[in-house]
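Atoms within each ligand, like the ligands themselves, are counted from 1 in listed order. As the structure is a computational prediction, the values presented were derived from the model and not from experiment.
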Amino acid sequence: MLTAQPITIKVQKTLQTRIGEIDFNDLHFGKIFADHMFVSDYKDGEWIDSRIMPYGQVMMSPATSALHYGQSIFEGMKAYKNDKGEVLLFRPLDNHKRINLSADRMAMPSIPQEIFMEGLKQLINLDQQWVPTTEGASLYIRPFLIGTDEYIGVKPSDTYRFYIITAPGGAYYNEPVKVLVETNFIRAVEGGVGYVKASGNYGRSLYPTKLAQQRGYQQIIWTDGKNHRYLEESGTMNLMFVIDDVLITPPLGDTILAGITRDSVLTIARDWKMKVQERKISIDEVIDAHKRGTLEEAFGTGTAATIAHISLIGFEGKDYELPPIENTIFSHRVSKELDNIRKGKAEDIHNWMYKI
Ligand code: COI
């Protein structure tokens with residue numbers, strides 16, 4: 001099993017747990033936060049003062065640099081309980097790697113593995129009662145790093161704060177999503193920051209998504225910034241299709257986030273000897289497959305939703321309905337397999353699970 005080096009973390013426990021206020025049978029995503037949070041500061045080139053404290057409001061100067069110039073990055077991950085009540089994290093070391101990739105691109109300092117992992121471990125251990133066991137639920141974990149200089153000149157901050165907060169939550173999407181292929185706005189361009197988890201990537205998506213929602217879609221499919229023909233991501237997720245029994249997803253690059261769920265789905269598909277292609281896929285190819293009746297499945301993959309089934313794709317004023325979701329075989333099977341691995345019910349052949 002993977003272990004992290006111990007670091008000293010001061011712990012100030014809450015005097016009054018809020019766990020009694022939670023209805024674990026009626027959990028929504030991201031609205032209620034567990035009792036504690038982890039915090040660590042970066043100053044003079046060093047990480048200092050790692051601590052766990054009661055979750056609560058934070059005081060900050062209105063001149064805090066992250067608020068003005070977006071030195072703000074985050075991760076999303078989940079904790080589950082197995083039948084013995086042990087808490088398991090899914091691929092946390094991959095999240096650690098990715099937050100440092102994001103940090104590098106945004107001119108922020110790396111977070112040492114022992115701070116990330118030990119912070120996570122001690123925080124989740126302390127709040128383990130908050131890890132739901134109800135069907136479809138988990139403890140969503142949000143590590144994030146922000147520049148904290150009290151300075152509004154444009155430059156990388158000299159000081160930073162790393163937080164981990166957690167929220168028990170249910171499904172991100174309660175039903176299959178209708179998506180609109182976006183051909184005016186773009187999410188990411190080559191040379192940009194689309195491959196990292198920078199907060200600004202999400203902020204810039206809100207307006208185009210709002211316009212799509214006004215037209216009756218829940219999410220958009222992002223297209224390439226040059227010609228708007230190649231499909232990139234769906235909403236906040238990676239995008240996959242099953243066409244003629246082949247699993248196809250856009251290749252990683254500057255404009256695509258290296259999703260951990262994306263990688264897990266591709267790995268499982270390969271384990272199952274399914275044909276997998278990481279390659280460019282255009283809207284024309286998808287519509288053509290739809291016309292020929294070979295477009296079997298379309299779905300998004302991400303930490304929050306795991307698998308988000310797509311029921312309809314809108315493009316240039318026409319809606320293309322996908323085969324009924326109940327009939328989709330691969331996305332249901334892989335979703336179940338991931339669920340079983342995360343809850344310790346299926347063999348973890350890739351060593352993805354990290355026991356707290
Ligand atoms: C994910 O599912 O991986 C996400 O990033 C969604 C999150 C922004 C809620």
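Considering backbone and side-chain atoms alike, Arg142 places every N or O at 3.5 Å or more from each N or O of ligand 1.
Ring centroids of Phe29 and Tyr140 are separated by less than 6.0 Å, placing the two rings close together.
Here the shortest heavy-atom distance to atom 5 (O) of ligand 1, taken over Glu75, Lys197, Arg262, belongs to Lys197.
The aromatic rings of Phe162 and Trp47 sit perpendicular, their planes meeting at an angle over 60°, well past the 30° parallel limit.
For atom 2 (O) of ligand 1, the closest heavy atom belonging to the protein is Ala304 N, 2.8 Å. Nearest protein heavy-atom contact of atom 1 (C) of ligand 1 is Thr303 N, 3.5 Å. Nearest protein neighbour of atom 8 (C) of ligand 1, counting heavy atoms only, is Tyr202 CE2, 3.8 Å. Ranking the protein heavy atoms by distance from atom 6 (C) of ligand 1 puts Thr236 OG1, 3.6 Å first.
Atom OH of Tyr230 is surrounded by 12 or fewer heavy atoms from other residues, nucleotides or ligands within 6.0 Å.
The pair Glu190-Lys226 counts as a salt bridge, with a side-chain nitrogen and a carboxylate oxygen less than 4.0 angstrom apart.
Between the side chains of Ser157 and Gln71, no donor-acceptor pair is found at a separation under 3.5 Å.
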